[in-house]
Amino acid sequence: MPELPEVETVKNGLKPIIGSKLKGFIVHKDGWRKPVPVDKLTAQIGKPITDTYRRAKWPALVFEDGCLWMHLGMSGQIRLFNSDKNLPPLEKHDHIELFFEDGKVIRFKDERRFGIVAWTDHPYSEPPSSEKLGPEPFDPEWDDSYFYKQLSQYKTPIKPFIMNAKIVVGVGNIYASEALFLARISPLKPANTLTKHDAANLRGKIIQVLQAGIKGGGSTLKDHRMANGEIGDYQNSHTVYGKEGRPCVVCGTPIVKITQATRSTFYCPSCQSD
DNA sequence: CTAAATACCTGATGGC
DNA sequence: TGCCATCAGGTATTTA
């Protein structure tokens, strides 16, 4: 599911858990890419959630002395139930359950198990990403001159470039194609060939599509769910992603699908010509 | 150092 | 109906 808008939607939907104290948990299935931090979580029993948080595509439950991260991988869902009475039956890939003293329950489901459950000491710490993460797209630190300077240093095609979390976090395969379409920039264009005007334009469109995605509750292609189980809406606003062969909404030219860095890219070869 | 390829895992879909 | 190949929101690790 999860690019920035989907993770932000999940994080916001988990807000009602703030103030609830952890009562216990069950790991129905372990054997993830990283082991579930059972000892760290056990140490939090009796302690309250103080906030919910997001950094890049990592959502977290914040405790007084650390963060429980639940990265959603490609197919993860985090569901919040207000009462342990009349809980729906456990589903096949509900792998972890958190129980709270007030009866609330959080279930982490992940069919493909590309997700990661991890603990870091200190609230609002950086997530356990393997590489140092770049700036948040909505952070004023990520401005036009910073972005342009980054662009000028690499010849990587712009589409995989903006998906690189070292450059800016949160942009995944859907929103990268959508932002480039709005900016009328070819996904194949080398990063260092963008002008200052292109950079400012693209930065604005990235922010625009991410904000619109959040407003729409994220894009549900298959797995994305809000914390209350509802699907997102923003897939209905996609202009190019998944639209291969369909007419461009601007000029009518059929949308083309190509592969870049092993990922599908969709674009209008007319509006987004080199 | 960068950049590209591969691996991780389950399930849906389409061709034959 | 079955079997095989391909593809899917991401990222950590390996290979060049």
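A quick note: this is a predicted structure, and the numbers were derived from the prediction, not measured. Chain letters run A, B, ... following the sequence lines, proteins first and then strands; every chain starts at 1. When reading the values below, keep in mind they use all heavy atoms of this one structure, side chains included, and skip hydrogens, waters and symmetry mates.
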Could you check how far [atom1] of [X] sits from [atom2] of [N], rounded to whole Å?
X: A:E3; N: C:dT11; atom1: CD; atom2: P; answer: 9 Å
X: A:M163; N: B:dA4; atom1: CE; atom2: P; answer: 13 Å
X: A:N173; N: C:dA8; atom1: CG; atom2: P; answer: 8 Å
X: A:I174; N: C:dC7; atom1: CD1; atom2: C1'; answer: 14 Å
X: A:K132; N: C:dA12; atom1: NZ; atom2: P; answer: 15 Å
X: A:I78; N: C:dG9; atom1: CD1; atom2: C1'; answer: 14 Å
X: A:N164; N: B:dT2; atom1: CG; atom2: P; answer: 10 Å
X: A:L133; N: C:dG10; atom1: CG; atom2: C1'; answer: 13 Å

Among [options], find the nucleotide with the atom closest to the side chain of [X].
X: A:R263; options: B:dC8, C:dT11, C:dC7; result: C:dT11
X: A:R112; options: B:dC9, C:dG9, C:dG10; result: B:dC9
X: A:S219; options: B:dT6, C:dG9, C:dG10; result: C:dG9
X: A:K166; options: B:dT2, C:dG10, B:dG11; result: B:dT2
X: A:T156; options: B:dC8, B:dT10, B:dA3; result: B:dA3
X: A:K155; options: C:dG9, C:dT11, B:dA3; result: B:dA3
X: A:W58; options: C:dA12, B:dT6, C:dG9; result: C:dA12

**Asked** According to the 5.5 Å centroid and 30° plane-angle thresholds, does A:F114 stack upon the nucleobase of B:dC9?
**Response** no

With sugar-phosphate meaning primed atoms plus P, OP1 and OP2, does [X] contact a base, only sugar-phosphate, or nothing at under 4.0 Å between heavy atoms?
X: A:S264; value: sugar-phosphate
X: A:K222; value: base
X: A:R113; value: sugar-phosphate
X: A:S129; value: sugar-phosphate
X: A:K29; value: nothing
X: A:Y234; value: nothing
X: A:Y154; value: sugar-phosphate

**Asked** Toward the 5' end of DNA chain C, which comes first, A:S130 or A:E111, by nearest nucleotide?
**Response** A:E111

Would you call [X] and [Y] a salt bridge, taking side-chain N to carboxylate O under 4.0 Å as the test?
X: A:D223; Y: A:R112; answer: no
X: A:R107; Y: A:E97; answer: yes
X: A:R203; Y: A:D143; answer: no

Between [M] and [N] - [atom1] atom distance, rounded Å:
N: B:dA3; M: C:dG9; atom1: P; answer: 23 Å
N: C:dT11; M: B:dA12; atom1: P; answer: 24 Å
N: B:dT6; M: C:dT6; atom1: P; answer: 14 Å

**Message:** Counting only side-chain nitrogens and oxygens, does A:H93 get under 4.0 Å of the OP1 or OP2 atom of B:dT10?
**Reply:** no

What class does the angle between the rings of [X] and [Y] fall in, given that below 30° is parallel, 30 to 60° is tilted and above 60° is perpendicular?
X: A:Y175; Y: A:Y234; result: parallel
X: A:Y154; Y: A:F161; result: tilted
X: A:F108; Y: A:W32; result: tilted

**Prompt:** Can you tell me the Watson-Crick or wobble partner of B:dT10, both distances under 3.5 angstrom?
**Reply:** C:dA8

**Asked** Between CD of A:E131 and CG of A:N164, what distance do you get to the nearest 0.5 Å?
**Response** 7.0 Å

